[in-house]
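Values below: all heavy atoms of this structure, side chains included; hydrogens, waters and symmetry mates excluded. Within every chain, numbering begins at 1; the chains are lettered A, B, ... in the order of the sequence lines, protein sequences first and strands thereafter.
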Amino acid sequence: MFLGAISVLLKLNSNLHVGLILMQPMPKDYKFVEIEQKWQSKWEEMKIYHYNWNDQTREPFSIDTPPPYPSGELHMGNVLNWTYFDIVARFKRMQGYNVLFPQGWDCHGLGIEIQVEKANNIRKRDIPSDQFRNMCMALVEKYIAMMKEGILKLGSSIDWTTEYRTMDPNYWRCTQLSFIQLYQNGYMYQGTHPVNWCPRDETAIADAEVDHVKKEGTLHYIKFPIAGSNEHLLIATSRPEFIPACVAIKVNPKDDRYSKYIGRKIVVPLTNREVTVIADEAVDMNFGTGAVQICTYGDKDDVKTVIKHKLPVIRLINENGKITDTECKYAGLYLNQTRTAIVADLTEAGLLEKTEKIQQEVGVCDRCKTNVEILERKQWFMKTMDLSEVVEKNANEIPWYPDYMKNRLIDWAKSLDWDWVISRQRLFATPIPVWYCKGCGEIIVAKPEWVPIDPKIEGPRIDACPKCGGKDFSGEQDVMDTWMDSSITCAVHAGWPDRPDWKRLFPASIHPSGTDIIRTWAYYLMVRHLALFNERPFNSVLINGMVLGADGRKMSKSLKNYAAAPEALAKNGADAVRQWAASGGATGSDIPYRIQDVEYGKRFLNKLWNASGFASKLLEDYTPQSAANVELQLLDKWIISKTENLTKKVTDSFEKCQFNTAVEDIRNFTWHVFCDYYLEAIKDRLYRPEVHGKESRLAAQYTLYEVLYRLLQLFAPVAPHVTEEIYQYMYLDSKSYTSIQVSEWPKFNPDIVSKEVEDQGDLIIAVLGEIRNDKAQKKIPLNAPIKNVTVYTGNVEIAKIIQKGAADITSTLKIENFTVLPDKFTQGRQVPSTEVYIQTEC
RNA sequence: GGACCGUUAGUCUAGUUGGCUAGGACGUCGCCUUCACACGGCGAAGAUCACCGGUUCAAAUCCGGUACGGUCCACCA
């Protein structure tokens with residue numbers, strides 16, 4: 001009823017489609033710019049992409065759309081990603097699911113803050129924090145507008161009524177609520193542990209935010225005097241600046257050079273301190289000198305050693321990477337200045353034996369590329385290490401497309417050394433809803449009904465500290481990691497915490513992710529939802545690879561292989577670009593952006609448009625029939641059977657997210673089977689009913705009409721605009737759906753598949769092809785008549801089959817006398833892989 | 001160092017339970033301006049499916065190994 005009403009409205013509103021004649025003539029050229037734009041706004045008006053929250057009958061299908069980080073214009077990677085899951089959304093919608101395809105924006109974080117700092121040449125502390133936040137929000141809005149435009153131009157079938165921003169108060173509420181629940185469940189704790197620290201951004205960062213880059217370093221060989229003797233130990237270190245924080249020397253107990261020194265005291269150069277030589281089998285005897293200084297903290301290995309051997313900690317640097325130890329002569333210097341000073345001092349003292357260059361990998365902040373240090377400071381953590389087993393279990397229980405990508409998540413979960421540090425010393429983020437009692441230090445976590453709340457601005461809504469009765473509180477200054485926002489999307493998309501029925505949409509049906517964010521987004525989603533709800537967040541994972549430049553290297557502006565997505569879309573149209581995205585390579589593999597692929601997509605659209613236009617002309621006088629009313633000929637049955645098999649193949653491919661094979665199959669069939677053979681073969685039947693009979697003509701029209709409809713449907717998820725436009729011209733009146741996008745996905749019908757018919761049709765096509773070859777070789781134009789063709793089939797059965805296609809063969813090739821003989825005669829042209837021979841005479 | 005992925009014509013790529021005469025695209029060459037489409041049609045050339053070994057009646061496909069490339073992770077103080 002509802003659909004019918006829309007259909008009527010649409011017809012009233014659109015002069016183009018109103019008329020008494022069934023089939024409207026289609027324009028000669030396909031003008032993708034205006035047609036794509038037209039449908040993008042019409043679909044929006046028709047609300048066909050809205051999720052129906054009240055529908056209790058259709059099964060829901062929910063897509064965990066990634067809320068992208070607004071970083072500027074849409075890029076080709078986004079195009080690939082959004083094409084993938086838009087195909088899934090459209091396919092599932094046509095299959096009858098109530099599809100939830102939401103869209104949010106992941107706003108917070110260092111990326112935006114750093115851009116604001118750089119653009120205005122300021123640091124976060126230089127201006128009031130609310131002013132800084134406002135600048136961040138303005139920049140985010142600008143970027144959202146740019147990306148949204150790109151996503152719209154791509155033709156994504158998003159339900160925009162679901163749009164959200166993680167910086168909105170309501171989303172803050174969700175994030176803070178999830179924090180509170182996790183605290184209550186024992187998953188959130190405060191602690192003083194060494195964490196990765198970015199001195200430039202002055203914040204803790206998680207392992208996942210540390211990039212490793214190859215750099216050339218210098219290995220310094222330094223003499224560490226042995227206390228009470230004239231001897232010394234030679235230590236090799238790439239970080240001499242950490243000597244003031246040296247707390248031990250470790251050697252391998254199996255190392256004959258040093259085992260005698262274990263337990264001895266060593267004088268730390270340039271300080272008056274003595275440290276002990278300790279034994280640790282992890283020391284590589286072949287690297288450097290085999291004696292290692294342990295400093296707090298030069299690297300992660302130092303952290304491990306300190307914990308293992310219960311060594312003391314010297315806090316050498318402060319939050320911005322300056323030497324903090326006031327006892328130390330280098331106090332106030334930055335680390336790199338300290339290094340220069342220390343190397344000079346060591347040289348002067350005669351303690352620097354030599355230096356050599358080494359290749360090393362250094363951890364850098366993934367946002368600003370500053371070298372990461374390790375710092376101990378009070379932080380909030382989520383207990384994630386304990387969940388690694390259950391993460392693995394759940395990852396194994398669901399399908400991944402492609403399957404092998406699950407290893408990336410499992411390997412990452414198993415490899416983690418530390419819990420997830422979720423506090424950040426930044427501004428543009430969701431506040432941690434916590435206060436501290438100034439009297440006794442008691443932690444006051446917000447009650448669920450208080451959020452959203454910013455403890456920097458507002459106090460806790462209690463009269464007194466429940467522990468000591470104190471009335472003074474200080475609000476938590478730290479904020480949350482951005483991943484705390486985006487790692488609850490599955491629940492938020494489903495309607496948590498407000499909709500009582502949110503579990504209807506949870507877990508999400510499919511979680512799309514890129515190879516680059518499996519260890520962050522997919523992982524954090526897993527641990528957070530498992531900890532919050534004891535349930536996995538999604539029931540399948542779709543992984544996209546990275547988009548490379550045309551040269552196969554990583555796409556980047558500096559390599560001059562960068563392609564701008566808005567430009568690509570404007571120049572080629574969404575349907576062409578979407579074909580590239582879908583067919584550029586197997587799902588999950590990295591695919592280069594090749595303009596030839598886009599252009600091929602464009603040419604295919606043109607072919608499809610022309611074929612449809614031609615068909616609509618041939619169907620001008622056709623009234624849609626039911627199958628029972630037509631007497632199908634061999635080639636009609638042949639292509640119908642093949643189309644049915646194609647339907648099965650394409651449906652299977654879409655189910656398994658194998659977009660590339662689906663697209664290849666549809667295009668090849670449309671172009672080379674439907675257009676090149678079938679359309680050519682039926683022309684004469686359609687043009688000359690007086691020769692072939694009215695029944696034959698009607699059968700051809702019926703087949704043409706239904707097969708083309710099927711092809712349009714199969715292609716609709718990939719190229720929604722062109723298929724919609726053709727549908728509106730040719731099928732709106734008879735098929736009754738307001739849009740091909742809400743038409744019912746065809747179900748494979750084995751009853752109309754016939755291997756026998758396909759084999760027979762293939763034989764006719766093969767004979768046809770062979771006579772064509774003959775003409776080509778004799779350099780006769782294809783439409784020139786041939787006088788005599790004699791076919792020797794070798795047996796009666798084959799002769800009968802070819803006789804069935806005789807009319808198609810003679811009319812297609814303009815044969816005047818066509819004779820089929822059952823005799824065995826092996827001269828002339830052999831039809832490949834048959835015993836059929838052909839003799840022609842012009 | 002570990003894990004994963006890949007290696008198919010000049011280039012890019014398909015080939016998911018082994019049956020291929022290895023499919024498609026771009027490019028190249030030849031013919032055809034044939035009444036949907038020259039953004040087209042017909043045709044041709046071009047691949048020992050990286051290498052070595054194994055399983056099998058049968059291997060691009062399965063197993064083991066080697067080489068090269070890519071990605072991720074862990075590292076070397």
A.B. asks: How far, in whole Å, is A44(B) from G18(B) if one measures between their P atoms?
C.D. replies: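 My reading of the P atoms in G18(B) and A44(B) gives 32 Å.
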A.B. asks: Taking atom P of A77(B) as reference, at what distance in whole Å does atom CD of Gln293(A) sit?
C.D. replies: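 It is 11 Å, rounded to the nearest whole Å.
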A.B. asks: What stems, by residue range, does RNA chain B take part in, given at least 3 consecutive Watson-Crick or G-U pairs under 3.5 Å?
C.D. replies: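 Counting only runs of 3 or more consecutive pairs, the stems involving RNA chain B are B:1-7 with B:67-73, B:10-13 with B:23-26, B:28-32 with B:40-44, B:50-54 with B:62-66.
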A.B. asks: What does the B/S/- profile of nucleotides 21-30 of chain B look like, 5' to 3', with a 4.0 Å heavy-atom cutoff to protein?
C.D. replies: B--SSS----
A.B. asks: Arg519(A) near the nucleic acid: base, sugar-phosphate alone, or nothing, with a heavy-atom cut-off under 4.0 Å?
C.D. replies: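 Sugar-phosphate, backbone atoms only, no base.
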A.B. asks: Set out, in order, the CA-CA distance, both residues' side-chain angles and the distance that settles side-chain contact (heavy atoms from CB on, under 4.5 Å) for Ile235(A) and Val292(A), then state yes or no.
C.D. replies: CA-CA 6 Å; Ile235(A) 308 280; Val292(A) 188; 5.9 Å; no
A.B. asks: Asp774(A) vs Thr840(A), test: side chain to side chain donor-acceptor pair (under 3.5 Å). Steps then yes/no.
C.D. replies: CA-CA 8 Å; Asp774(A) 186 71; Thr840(A) 59; 2.7 Å; yes
A.B. asks: If we take the P atom in both A47(B) and G2(B), what is their distance in whole Å?
C.D. replies: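 Straight-line distance between the two P atoms is 38 Å.
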A.B. asks: State plainly whether the residues Lys406(A) and Asp403(A) are in salt-bridge range, i.e. N to O under 4.0 Å.
C.D. replies: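 Looking at Lys406(A) and Asp403(A), the cut-off is met.
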A.B. asks: To the nearest Å, how far apart are Ile543(A) CD1 and C72(B) P?
C.D. replies: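 Nearest whole value for this atom pair: 14 Å.
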A.B. asks: Ignoring backbone atoms, establish whether Lys683(A) has a side-chain N or O less than 4.0 Å from OP1 or OP2 of A36(B).
C.D. replies: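 Looking at the OP1 and OP2 atoms of A36(B), one of them is under 4.0 Å from a side-chain N or O of Lys683(A).
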A.B. asks: Suppose you measure atom C1' in C12(B) against the same atom in G27(B); what distance do you get, rounded to whole Å?
C.D. replies: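 Looking at atom C1' only, C12(B) and G27(B) are 11 Å apart.
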A.B. asks: At under 4.0 Å between heavy atoms, what does Ala586(A) touch on the DNA or RNA strands: base, sugar-phosphate, or nothing?
C.D. replies: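 Answer is sugar-phosphate: Ala586(A) comes under 4.0 Å of backbone atoms only.
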A.B. asks: Would you indicate which nucleotide in A36(B), A3(B), U13(B) comes nearest to any side-chain atom of Arg594(A)?
C.D. replies: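 Selected nucleotide (nearest to the side chain): U13(B).
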A.B. asks: To the nearest Å, give me how far apart NZ (Lys814(A)) and P (C35(B)) are.
C.D. replies: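 Roughly 10 Å, once rounded to whole Å.
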A.B. asks: Go through Trp671(A) and Tyr600(A) one step at a time and tell me if the ring-ring contact (aromatic ring centres under 6.0 Å, His included) criterion holds.
C.D. replies: CA-CA 12 Å; Trp671(A) 203 316; Tyr600(A) 180 69; 5.7 Å; yes
A.B. asks: Rounded to whole angstrom, note down the C1' distance from A14(B) over to A60(B).
C.D. replies: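 The answer is 12 Å between these two C1' atoms.
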A.B. asks: Considering only side-chain heavy atoms of Asn610(A), which listed nucleotide, C76(B), C4(B), A36(B), is closest?
C.D. replies: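 Minimum distance to the Asn610(A) side chain belongs to A36(B).
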A.B. asks: Specify the separation, in whole Å, of atom NZ of Lys649(A) and atom C1' of G15(B).
C.D. replies: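 Spelled out: NZ on Lys649(A) to C1' on G15(B) is 9 Å.
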A.B. asks: When we call it a touch if two heavy atoms are under 4.0 Å apart, what does Phe604(A) touch: a base, just sugar-phosphate, or nothing?
C.D. replies: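 The answer is nothing, as Phe604(A) stays clear of every strand by at least 4.0 Å.
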A.B. asks: Before you tell me yes or no, could you show the steps for Lys814(A) and Asp684(A) under salt bridge (charged side-chain N to carboxylate O under 4.0 Å, His left out), namely the whole-Å CA-CA distance, both residues' side-chain angles and the distance that decides it to 0.1 Å?
C.D. replies: CA-CA 10 Å; Lys814(A) 314 263 188 277; Asp684(A) 210 57; 5.4 Å; no
A.B. asks: Under 3.5 Å, is there a donor on one side chain and an acceptor on the other for Glu758(A) and Asn645(A)?
C.D. replies: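 Present: a donor and an acceptor within the cut-off.
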A.B. asks: Ring centroids only, cut at 6.0 angstrom: are Tyr297(A) and Phe242(A) within range, meaning strictly under it?
C.D. replies: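 No.
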A.B. asks: In whole Å, I'd like the distance from the CG atom of Asp366(A) to the C1' atom of C72(B).
C.D. replies: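 About 15 Å, once rounded to whole Å.
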A.B. asks: Indicate, with a heavy-atom threshold strictly under 4.0 Å, whether Lys28(A) touches base, sugar-phosphate, or nothing.
C.D. replies: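 Answer is sugar-phosphate: Lys28(A) comes under 4.0 Å of backbone atoms only.
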A.B. asks: What interatomic distance, in whole Å, is found between C1' of C29(B) and the corresponding atom of U8(B)?
C.D. replies: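 After rounding to an integer number of Å, I get 23 Å for this pair.
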A.B. asks: Base, sugar-phosphate or nothing for Gly290(A)? Non-hydrogen atoms, less than 4.0 Å.
C.D. replies: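 Gly290(A): base contact, heavy atoms under 4.0 Å.
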A.B. asks: Taking only side-chain N and O atoms of Trp671(A), does any of them lie within less than 4.0 angstrom of OP1 or OP2 on G41(B)?
C.D. replies: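 Affirmative; the distance criterion is met.
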A.B. asks: Among U16(B), C42(B), A14(B), which nucleotide has an atom closest to any side-chain atom of Asn660(A)?
C.D. replies: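 Side chain of Asn660(A) sits closest to A14(B).
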A.B. asks: Do the side chain of Asp419(A) and the main chain of Met385(A) share a donor and acceptor less than 3.5 angstrom apart?
C.D. replies: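 The answer is yes, because a donor-acceptor pair under 3.5 Å joins these two groups.
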A.B. asks: Check the distance between C37(B)'s P and Glu680(A)'s CD and give it to me in whole angstrom.
C.D. replies: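 Whole-Å distance recorded here is 11 Å.
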A.B. asks: Under the rule for side chain to side chain contact (heavy atoms under 4.5 Å, CB included), what residues qualify as partners of Lys648(A), not counting sequence neighbours?
C.D. replies: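 With neighbours one apart ignored, the set is Asp652(A), Phe748(A).
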A.B. asks: If you measure from the C1' atom in G69(B) to the same atom in C63(B), how many Å do you get, rounded?
C.D. replies: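 Between the two C1' atoms, the distance is 23 Å.
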A.B. asks: Contact class for Cys675(A) vs. all strands (heavy atom < 4.0 Å): base, sugar-phosphate, or nothing?
C.D. replies: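 Cys675(A): base contact, heavy atoms under 4.0 Å.
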A.B. asks: Write down the distance separating the C1' atoms in G65(B) and C72(B), rounded off to the nearest Å.
C.D. replies: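 It comes out at 24 Å once rounded to the nearest Å.
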A.B. asks: Assess whether side chain to side chain donor-acceptor pair (under 3.5 Å) is satisfied between Glu680(A) and Thr812(A), documenting all intermediate values.
C.D. replies: CA-CA 7 Å; Glu680(A) 290 301 327; Thr812(A) 307; over 6 Å; no
A.B. asks: So what does Ile358(A) touch, heavy atoms closer than 4.0 Å: a base, only the sugar-phosphate, or nothing?
C.D. replies: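 Result for Ile358(A) = sugar-phosphate.
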A.B. asks: Start with the C-alpha gap between Asn252(A) and Asp280(A), add the side-chain angles, then the distance that decides, and say whether side chain to side chain donor-acceptor pair (under 3.5 Å) holds.
C.D. replies: CA-CA 5 Å; Asn252(A) 195 315; Asp280(A) 195 320; over 6 Å; no
A.B. asks: Can you list the steps and then say if Ile87(A) with Phe654(A) is a side-chain contact (heavy atoms from CB on, under 4.5 Å)?
C.D. replies: CA-CA 8 Å; Ile87(A) 291 174; Phe654(A) 278 146; 3.6 Å; yes
A.B. asks: Whole angstroms only, please: what is the CG-C1' distance between Leu768(A) and G43(B)?
C.D. replies: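 Computing the Leu768(A):CG to G43(B):C1' distance gives 15 Å.
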A.B. asks: At 4.0 Å (heavy atoms only), tell me whether Thr661(A) reaches a base, stays on the sugar-phosphate, or touches nothing.
C.D. replies: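 Thr661(A): base contact, heavy atoms under 4.0 Å.
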A.B. asks: Show your working on side chain to side chain donor-acceptor pair (under 3.5 Å) between Arg667(A) and Gln579(A) and close with a plain yes or no.
C.D. replies: CA-CA 10 Å; Arg667(A) 284 157 154 185; Gln579(A) 285 178 76; 3.0 Å; yes
A.B. asks: Taking the side chain of Phe287(A) as heavy atoms from C-beta outward, which of A36(B), A14(B), C76(B) is closest to it?
C.D. replies: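 Selected nucleotide (nearest to the side chain): C76(B).
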A.B. asks: Can you tell me how far P in G23(B) sits from the matching atom in U48(B), rounded to whole Å?
C.D. replies: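 Result for the P pair: 14 Å, nearest Å.
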A.B. asks: Name the residue closer to the 5' end of RNA chain B, choosing between Leu219(A) and Asn606(A) according to the nucleotide with the nearest heavy atom.
C.D. replies: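 Its nearest nucleotide being more 5', the pick is Asn606(A).
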A.B. asks: Looking at every strand, decide which applies to Asp676(A) at a 4.0 Å heavy-atom threshold: base, sugar-phosphate, or nothing.
C.D. replies: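 Asp676(A): backbone/sugar contact only, no base atoms under 4.0 Å.
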A.B. asks: With a cut-off of less than 4.0 Å, is there a side-chain N or O of Asn773(A) near OP1 or OP2 of G43(B)?
C.D. replies: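 Yes, such a contact exists.
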A.B. asks: Please compare Lys656(A) and Ser583(A) by the position of their nearest nucleotide in RNA chain B and report the one closer to 5'.
C.D. replies: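 Final value for this comparison: Ser583(A).
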A.B. asks: Side-chain N or O of Lys607(A) less than 4.0 angstrom from OP1 or OP2 on G41(B)?
C.D. replies: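 Yes, such a contact exists.
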A.B. asks: Taking atom P of C4(B) as reference, at what distance in whole Å does atom CZ of Arg408(A) sit?
C.D. replies: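 The distance from CZ of Arg408(A) to P of C4(B) comes to 12 Å, rounded to the nearest Å.
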